[in-house]
Every structure is written in C-alpha cells, then in structure tokens.
Amino acid sequence: MIRSLRGMNDILSEDYERFEYFIKTASEVARRYGFHYIETPLLEETALFKRSVGESSDIVGKEMYQFNDKGGNDVCLRPEGTAGVVRAFVQNKLDRKGGIHRFFYHGPMFRYERPQKGRLREFHQFGVESFGVASVYEDASLIMMISDIFKALGIGYTLQLNSLGDQNCMPQYRESLVEFLDLHVSEICNDCKRRKETNPIRVLDCKNEACQNLYKEAPKLFTSLCESCKSDFDTLLKLLDANAIAYEIDTHLVRGLDYYSKTAFEFVSTEIGAQSAIAGGGRYDRLVEFLDGKETPAIGFAIGIERLLELIVMPQKEREGYYFGAMDAEALETIIKAGQAKRSTDTVIIEYTPKSLKAHLKGADRVNARYCAVIGENELKDAKIWVKDLQESKEETLSLTQFKK
RNA sequence: GUGAGAUUAGCUCAGCUGGUUAGAGCACUGGUUUGUGGUGCCGGGGGUCGCGGGUUCGAAUCCCGUAUCUCACCCCA
C-alpha cells in the first residue's frame, strides 16, 4: 500500500467539516476588519525565505523542502506565509502606491520536522498581514481580531505579550546580552551556546533551569527599550485593557523568525500538549525594505489550524436535505427522477437499491437527512410520493407534481 | 537531529510466562410474518496480528532491523 508521506495527512469527513468551519469563521472576522484575501504560490525562490525568515532560524537552516527545479532554480515549498505576501506586496508595487493594504490568507505550509501532535510536515495556517499602518492601534486591532476568531469558535487561550524593540534599541540590547553570555559561557547549556552565535535573544526562551536562574541577572530587553518602543507598548496595554482583552506580559517571549520587531504576541492553549502556540505574530516594520520594497510599517499573525481543530466547538448539526428510496425495482426510475429534480434546491441522497420502508428510514437517519421520501407499490400506482419529516416525525403522501412545487 | 513508548477487524482495545480454526464492544449489513428511523431481539461479512528477517517442532506472543504514530527535547503556528 502506498501511504502518504510522513507528517502529511489527508483531511476528510468530520475533520474537514471542522477545517472548513474554521476557515469560514476566521475569514468572516478578517473581512469585518477590512482585510482582503490574497493567494500566493506554494513554491517560491529559496532566497525569499533566506532573506526574510533568516538563515539563522531553524526553519530556513534545516527545515525547508528545498530543491532545484528543472530550470535549475533554487526553490522551496513555503515554510510560512508572511514572506510570500510581502513579496507579492512589493512585486505589485503597492509599497510605491502608498496607503493601507490589508490581506488575509490560508493554505498549506511545509517544514521538514519530526512530526508529533500539533506539528506536521504539511500543515495549514490562517494568517493576516497589514501594511502601511505604523500606529500601535493596528497591533491592538489584530490582537482583538484573533480574540474575536477564538471567541466565535469557543476556544480558550492565554495571550502572552512582549516588545522586541526596534532598530534603535534592539541591536544595543543584543550586544549587551552577548557580552553577558560571554562572561558566563561556562555556565550555560549547549543549546544556549549555539543560540549565542545564531540568535542570542532566543536564550531567554531556554527551558533549562540553570540557564533561567542565570538569566535573572541578565540585562532585560524590557528595561532597555527606547522611548518610542516603550510608549507604544504602554499604549498597546491600555488599548487591550480598555477592550477587555486579558494578557500576560512575558519578557522572555521571543519570536523565532528574524523579521519581527516591537510588538510580539503569542496565543497559547494548555489543552493541546507541548505544541501549545495556537497563534503568533508581531510587527515587522523592516521586512518590506529587506525584500527591496520601500520602507513600510507592517504587522501580521498566523494561526496554526491543525493545532486548534480539536478545540473548536462546532455548532450542533441539524438534519438537512432529502433521502430518496424505492421499495420496489419498478419505482426506482421514478424516485431517481424525483430526487434529481429536488437537487436544484436541496441536498439529495438517492438510494439505488430497493428495500423495505424500515431500511430506508434507517438509511435516511444515518445520513442525517431531514426528509425521507419513498415510493412503494401504492404510491407508484397513484403517482404519489410518501415523505416523512424525520425531525418533526410528521409524514404525508403527496402527488408527484405537487411535491416538485 | 536526540531520547522513550506504541503498532492486533473501519474505530477503541483484550489476547497471561510461544501451543490447535485470533476475540469483545462499537460501527457496517440483513432479518425480526403483511409499509415506519434515531432506542429491542436474532444473524452475517470483515484481520497476510505495521513490514522484513531470525530463533523454534510451532511466533500476534521471544530477538534484530525497518516504517509509521505518540510523548519529551529542539523548534514553532
């Protein structure tokens, strides 16, 4: 038997219903916030991700589905969504056009990782990207959008917030942190030694207890923020307070992708295991420039769809549509014709095997149909059809012409 | 990439220290005397015991390899 590749799953039946329900709900909320759908290719030039996500990140360093295509181009399956949207934004010269551009997207992403619960090699994200708004009001607005989406889906979460600083305060801070790490290099774990070289800020996120104790003494990013970062963060907190959005400030919250600055946030669920981040995002004011565009402030987030599928509280399913069946082979032709006509307005399931009324009712019940329509000997003789409303338990026998109405 | 556990019917699992035709519940399917479901009763189909080797008179059961899943690390949504 040929199986799907490791970490790549089919989405079907009930899972797909949840999947579709999520997309529909999240898209509606995004549209209400003035965002428009954008579709970008799954395959992009590898350089796009190297320059945006950053070569120091694990995503680019070791998790990309990268290969040379037949034309010799170095390409890869997208590991995340932001880079492609920013590329499209620049390529379509929206940075030159000016103004505000707000997009949302959803689709598959690919990372060559060891799969586990909530972490697949092909997984799906829903994300939004907003270009052209420097105001921290947009940061608050995006957080409220996620809150709205989760509220609509019945999903509980904790919101964690931090500020990563900008080009004025972050480089200085990074330097002072590296100095600190150099002084204590013998005390930190091997992972942190590696992080010190690749992405020093990440050490703050280390789960090693000894490291964490040590970092209590380390310089704090939070207290090193410049004036504008500090006041923006304070404003953000005020806005969230005013809109009854609960949050925790986590000064060790770090984003894994290099392009983030200033506001960083993560929505976390305690109900889904180790891969607990269900949404994450932040500001990336420099990224458009990095990708050869005109300096444009921007912010976005992404939601991991598979991770929250099991958290979604689905609305109760109601009986819907028609089930058609014949009790004798002679009535089959008539029932198929009647069912086909009904398809112009309703969901219709036609049973092709003649069987007893009881068997048809069971069949209608199993497919969760609202109505069970059957033609037997008596009905066929009088050109009528017997219809039962399975929800109200009411039945009637109509003439076929009347039934079509 | 590292460490640990699992893999038996469509699903959830039982199968003790290797011993004759591998079981249960649910699901599916048919019937339940004359045309009434979701809720009774009786029957039926369905398994190369993940895959490949090995030990043995004999392997679902022991050993080795491999694949996949799960958990933790790493990383991230």
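Each chain gets a letter, A, B and so on, in the order its sequence line appears, and its residues count up from 1.
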Q.
I need the residues from residues 5-34 of chain A with at least one non-hydrogen atom less than 4.0 Å from RNA chain B; give them sorted by number, or say none.
A. A/Arg6, A/Gly7
**Q.** Separation between OH of A/Tyr371 and CD of A/Glu395, rounded to the nearest 0.5 Å
**A.** 14.0 Å
**Q.** Distance, C1' atom - from B/U7 to B/C51, rounded to whole angstrom
**A.** 11 Å
Q. What does A/Ala364 touch in the nucleic acid at a heavy-atom separation under 4.0 angstrom: a base, only the sugar-phosphate, or nothing?
A. nothing
**Q.** Paired nucleotide for B/G65 [Watson-Crick or G-U wobble; both distances under 3.5 Å]
**A.** B/C51
Q) Taking the six-membered ring for Trp, are the ring centroids of A/Tyr259 and A/Phe290 within less than 6.0 Å of each other? A) no
**Q.** Nearest-Å distance once atom C1' is located in both B/G19 and B/U61
**A.** 11 Å
Q: Measure from the side-chain heavy atoms of A/Asp58 and tell me the nearest of B/A77, B/C74, B/G35.
A: B/C74
Q) Does A/Thr296 use its side chain to pair, donor to acceptor, with the backbone of A/Lys294 at less than 3.5 Å? A) yes
Q) Between A/His106 and A/Tyr37, how do the two ring planes meet: parallel, tilted or perpendicular, split at 30° and 60°? A) tilted
Q.
I need the CD-C1' distance between A/Glu379 and B/G35, as an integer number of Å.
A. 8 Å
**Q.** Residue pairs passing the salt bridge (Lys or Arg N to Asp or Glu O under 4.0 Å) test where at least one lies in residues 317-327 of chain A, sequence neighbours excluded
**A.** A/Glu17-A/Lys317, A/Arg319-A/Asp365
Q | Nearest-Å distance once atom C1' is located in both B/A60 and B/U20 | A | 15 Å
Q: Tell me what A/Phe123 touches on the nucleic acid: a base, only sugar-phosphate, or nothing, going by heavy atoms under 4.0 Å.
A: base
Q) How would you label the contact of A/Lys358 with the nucleic acid (heavy atoms, under 4.0 Å): base, sugar-phosphate, or nothing? A) base
(Q) Applying the Watson-Crick and G-U wobble criteria at under 3.5 Å, what pairs with B/A59? Answer none if nothing qualifies. (A) none
**Q.** Residue whose closest nucleotide on RNA chain B lies nearer the 5' end, A/Ala369 versus A/Gly273
**A.** A/Ala369
Q. Which nucleotide in the set B/G35, B/C71, B/U29 lies at the smallest distance from any side-chain heavy atom of A/Lys117?
A. B/C71
Q) Should B/C71 form a Watson-Crick or G-U wobble pair with both distances under 3.5 Å, which nucleotide is its partner? A) B/G3
Q) How is A/Lys388 classified with respect to the nucleic acid when contacts are heavy atoms under 4.0 Å: base, sugar-phosphate, or nothing? A) base
Q.
Just to be sure I understand the rule, does A/Arg195 reach a base, reach only the sugar-phosphate, or reach nothing, if contact means heavy atoms closer than 4.0 Å?
A. sugar-phosphate
Q. Base, sugar-phosphate, or nothing: which does A/Gly118 touch, judged by heavy atoms less than 4.0 Å apart?
A. base
(Q) Give me the distance, rounded to whole Å, that separates B/C42 from B/U48 when you measure between the P atoms they each carry. (A) 29 Å
Q. With no angle test and no hydrogens, is the base of B/G37 tied to the side chain of A/Ser393 by a donor-acceptor pair under 3.5 Å?
A. yes
Q. To the nearest angstrom, how far is A/Glu63 atom CD from B/C73 atom C1'?
A. 14 Å
Q. Around atom NZ of A/Lys238, are there more than 12 heavy atoms of other residues, nucleotides or ligands at under 6.0 Å?
A. no
Q. What is the nucleic acid contact for A/Gln275, judged by heavy atoms within less than 4.0 Å: base, sugar-phosphate only, or nothing?
A. base
Q.
Taking the P atom in each of B/A24 and B/G65, what is the distance between them to the nearest angstrom?
A. 36 Å
**Q.** Shortest side-chain distance from A/Arg114, nucleotide among B/G31, B/C28, B/A4
**A.** B/A4
Q) How close or far is atom P of B/C75 from atom CZ of A/Phe110, stated in whole angstroms? A) 24 Å
Q.
Can you see whether A/Tyr33 engages A/Asp148 through a side-chain donor-acceptor pair at a distance of less than 3.5 angstrom?
A. yes
Q: For nucleotides B/U2 and B/A22, find the distance between their P atoms and express it as a whole number of Å.
A: 40 Å
Q: Side chain of A/Arg119 only, please: which of B/C75, B/C69, B/G38 is the nearest?
A: B/C75
Q) Over how many whole Å does the gap from A/Arg319 atom CZ to B/G38 atom P extend? A) 11 Å
Q: Measure from the side chain of A/Arg3, starting at C-beta and using heavy atoms only, and say which of B/U68, B/A77, B/G37 lies closest.
A: B/U68
Q. Is there a Watson-Crick or G-U wobble partner for B/G37 with both distances under 3.5 Å, and if so, which one is it?
A. none
**Q.** side-chain contact (heavy atoms from CB on, under 4.5 Å) between A/Phe49 and A/Ile59, worked out
**A.** CA-CA 9 Å; A/Phe49 301 106; A/Ile59 294 177; over 6 Å; no
Q: Could you tell me the separation between the CE atom of A/Met327 and the C1' atom of B/U36, rounded to a whole number of Å?
A: 9 Å
Q. For A/Gln116 and B/A72, what is the distance between atoms CD and C1' respectively, to the nearest whole Å?
A. 8 Å
Q. Which part of the nucleic acid, if any, lies within reach of A/Gly376 when heavy atoms closer than 4.0 Å are counted: base, sugar-phosphate only, or nothing?
A. nothing
**Q.** Identity of whatever pairs with B/U17 - Watson-Crick or G-U, under 3.5 angstrom
**A.** none
Table please: side-chain donor-acceptor pairs of residues 165-172 of chain A below 3.5 Å, with sequence neighbours left out.
{"residue": "A/Asp166", "atom": "OD1", "partner": "A/Asn168", "partner atom": "N", "Å": "2.9"}
{"residue": "A/Asp166", "atom": "OD1", "partner": "A/Cys169", "partner atom": "N", "Å": "3.3"}

Q | Length of the CG-P vector between A/Asp365 and B/U29, whole Å | A | 12 Å
Q. In terms of side-chain heavy atoms of A/Ala274, which of B/G38, B/C73, B/G35 is nearest?
A. B/C73
Q | Euclidean distance for C1', B/G47 against B/C73 (whole angstrom) | A | 37 Å
Q. Around atom OH of A/Tyr112, are there more than 12 heavy atoms of other residues, nucleotides or ligands at under 6.0 Å?
A. no
Q: Send over the distance from A/Leu120 CG to B/C75 C1', rounded to a whole Å.
A: 14 Å
Q) In Å and rounded to the nearest 0.5 Å, what is the CZ to CZ distance from A/Phe126 to A/Phe22? A) 6.0 Å
Q | Candidate nucleotides B/U36, B/C74, B/A77, ranked by approach to the side chain of A/Leu361 - the nearest | A | B/U36
Q: Looking at every strand, decide which applies to A/Ile303 at a 4.0 Å heavy-atom threshold: base, sugar-phosphate, or nothing.
A: nothing
Q: Using the P atom as the reference point in each nucleotide, state the distance between B/G50 and B/G15 in Å, no decimals.
A: 15 Å
Q | Strand partner of B/G43, provided both Watson-Crick or wobble distances fall under 3.5 Å | A | B/U29
Q: Between A/Phe267 and A/Ile272, name the one whose nearest nucleotide on RNA chain B is closer to the 5' end.
A: A/Ile272
